[in-house]
2 protein chains.
Amino acid sequence: MTAPDSASLYRTIAADLKASIRAGVYPAGARLPSESELAAEYDASRGTIRQAFAALAADGVISSRRGARRTVLGGPRLQSFADLLSFSRWARSVGEKPGGRVARLEHRAATTEEAEQLELTDEANVYHLTRVRMLGDRPVMIERTAYPEHVGELVVGLDPAGSLTERLEELGVIFADAEHTIDAVPATAEDARLLAVRPRVPLLRERRRTTDPAGAPLEWSEDRYLGQEVAFTVRNSVNRNSLSRWHSGR
Amino acid sequence: MTAPDSASLYRTIAADLKASIRAGVYPAGARLPSESELAAEYDASRGTIRQAFAALAADGVISSRRGARRTVLGGPRLQSFADLLSFSRWARSVGEKPGGRVARLEHRAATTEEAEQLELTDEANVYHLTRVRMLGDRPVMIERTAYPEHVGELVVGLDPAGSLTERLEELGVIFADAEHTIDAVPATAEDARLLAVRPRVPLLRERRRTTDPAGAPLEWSEDRYLGQEVAFTVRNSVNRNSLSRWHSGR
DNA sequence: TAGTGGTCTAGACCACAAA
DNA sequence: TTGTGGTCTAGACCACTAA
């Protein structure tokens, strides 16, 4: 889950293939080179080539079947794990100017839910940050994030108008795994005020728990997006499925 | 992407591990056996064991780091690709009784969007089915699905109150890959009537395109769930990300 | 320091798709 | 029939974790 040997051969090959796909050398539906062709080209063993292809498959970029060459899947261009965690990075990647303002920053005792999600004892404190995030000059999302103390202490020293995630990474915090729960809720009075919309407008809610390579929680966030401005896309297959559907059991 | 050799050794090992995890032998956070231990136990090579672990990682069940044993990730129990496609199968898996009634079934020319999603020429016909799906006696979702003619011709011969996906699979239709786009929309007047809620209530919308192993579209569906009854969960990591965030660019 | 997973090789046989 | 990807083996060396 860490990123060791970022220059390993199979990663290089995978990056080359991704770049070619992005550049349009292999458009959606196109057939990719065979394992043996690539093995010859890179002077690598077949196993290494298969590892490169497995990396593309894990990102939902290609499809493969025995007997036929691999093909490029269509649909939207996928984003990296890092782009997904950082609103600022994402905004830039879609050609928008990210912005934000702090609505509230607290250092207080954890709520029951926060303690559970961050795996803290009930008496522990958290840093809780509420921000309104903007694309250009339009607010599109409210971010309510709880950090455990050891992360929050870093956060308070940073410029809260910019990308906290990127700054934290520079400070050596490694984000490794995340779990996202997505549903729809009506805007509360506070939501409506912060986003400049009417109460009860549909918002797309993403609750996210992010952990480090050892599985220790780094943040627990509840983000609320303007419903029809932002969407999430997931690809899965028979062999690869990290999506599930839940019922509140109300 | 097909399911060849469903009895291959690595699949057997992966299934055993999943069963043990589900049974609580390895709870969330627990350390799993090492590769060499499993290799000895199954009299398999290390590569085969690694393939089994890769299958669990692809489903977001485990985490791994060099130097330390693999650990079980917490969070909700994951569902299979098949459970995700079939409302009926999903409902049974969460202990609810699935139900449904047909609101409309049409055989007509494809709309522009349907033609694009199903990769049809503009003049082609589709079968379009609108159903209200229930858990117990409560409606929770509206399903609006377009099928290309070769699939739709099978669908019209089936009992539309039950699980079409399961019946289609029995008829040899193989669902291999899917792409899901999730956002929030207000209930239209028709939505509100079918779900017995007030107009403009937040609905969680899932648009889904499912393809066969060769990449040919099998269905294009727009499902609308009661916002706070149903949620979707996604797990991803630095090495495995099939989730992305989209902006309508409005 | 001992044990673990990460990377890579060089083979083998097989099931399947496409021509 | 030819070439493809799927499965499996038996080795090797290395980077990293944890005791």
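Reminder, nothing fancy here: chain letters follow the sequence lines and each chain counts from 1. What you see below is based on every heavy atom in this structure, not just the backbone, and it leaves out hydrogens, waters and symmetry mates.
Side-chain atoms of B:Ser34 lie closest to C:dT4 of the nucleotides D:dT7, D:dG5, C:dT4. Comparing C:dA17, D:dT4, C:dT7 against the side chain of A:Arg65 picks out C:dA17 as the nearest. Side-chain proximity of B:Ala68 to C:dT4, C:dT7, D:dT17: nearest is D:dT17. The listed nucleotides are D:dA18, C:dT4, D:dC8; the one nearest the side chain of B:Gln51 is D:dC8.
Summarising the geometry, the separation between CZ on A:Arg69 and C1' on C:dA17 is reported as 12 Å, rounded to the nearest angstrom. In this structure, A:Glu35 atom CD and D:dT4 atom P are separated by 9 Å, rounded to whole Å. D:dT4 atom P lies 9 Å from atom CZ of A:Arg31, rounded to whole Å. Atoms CG (B:Leu9) and P (C:dA12) sit 21 Å apart, rounded to a whole Å.
For C:dT4, neither phosphate oxygen OP1 nor OP2 lies less than 4.0 angstrom from any side-chain nitrogen or oxygen of B:Arg66. Contact check, A:Arg11 against C:dT7: a side-chain N or O comes under 4.0 Å of OP1 or OP2. Using a 4.0 Å cut-off, some side-chain N or O of A:Ser64 falls inside it from OP1 or OP2 of D:dG6. In terms of phosphate contacts, B:Arg70 brings no side-chain nitrogen or oxygen within less than 4.0 Å of OP1 or OP2 of C:dT4.
Annotation: ring-ring contact (aromatic ring centres under 6.0 Å, His included) contacts involving residues 37-91 of chain B, sequence neighbours excluded, comprise B:Phe87-B:Trp90. Note on residues 107-128 of chain A: pairs passing ring-ring contact (aromatic ring centres under 6.0 Å, His included), not counting sequence neighbours, are A:His107-A:Tyr127.
The stretch residues 41-50 of chain B touches DNA chain C through B:Arg46, B:Arg50, each having a heavy atom under 4.0 angstrom from the strand.
Salt-bridge annotation for B:Arg133 and B:Asp223: absent, with no side-chain N of the basic residue lying under 4.0 Å from a carboxylate O of the acidic one. In this structure, A:Arg235 pairs ionically with B:Glu179, as a charged nitrogen and a carboxylate oxygen lie closer than 4.0 Å. Salt-bridge annotation for A:Asp83 and A:Arg92: absent, with no side-chain N of the basic residue lying under 4.0 Å from a carboxylate O of the acidic one. A salt bridge does not link B:Arg208 with B:Glu143: every distance from a Lys NZ or Arg NE/NH1/NH2 to an Asp or Glu carboxylate oxygen is 4.0 Å or more.
The two residues A:Thr71 and A:Arg31 make their nearest non-hydrogen contact at CG2-CG, 4.2 Å.
Here A:Phe53 lies out of heavy-atom contact (under 4.0 Å) with every strand.
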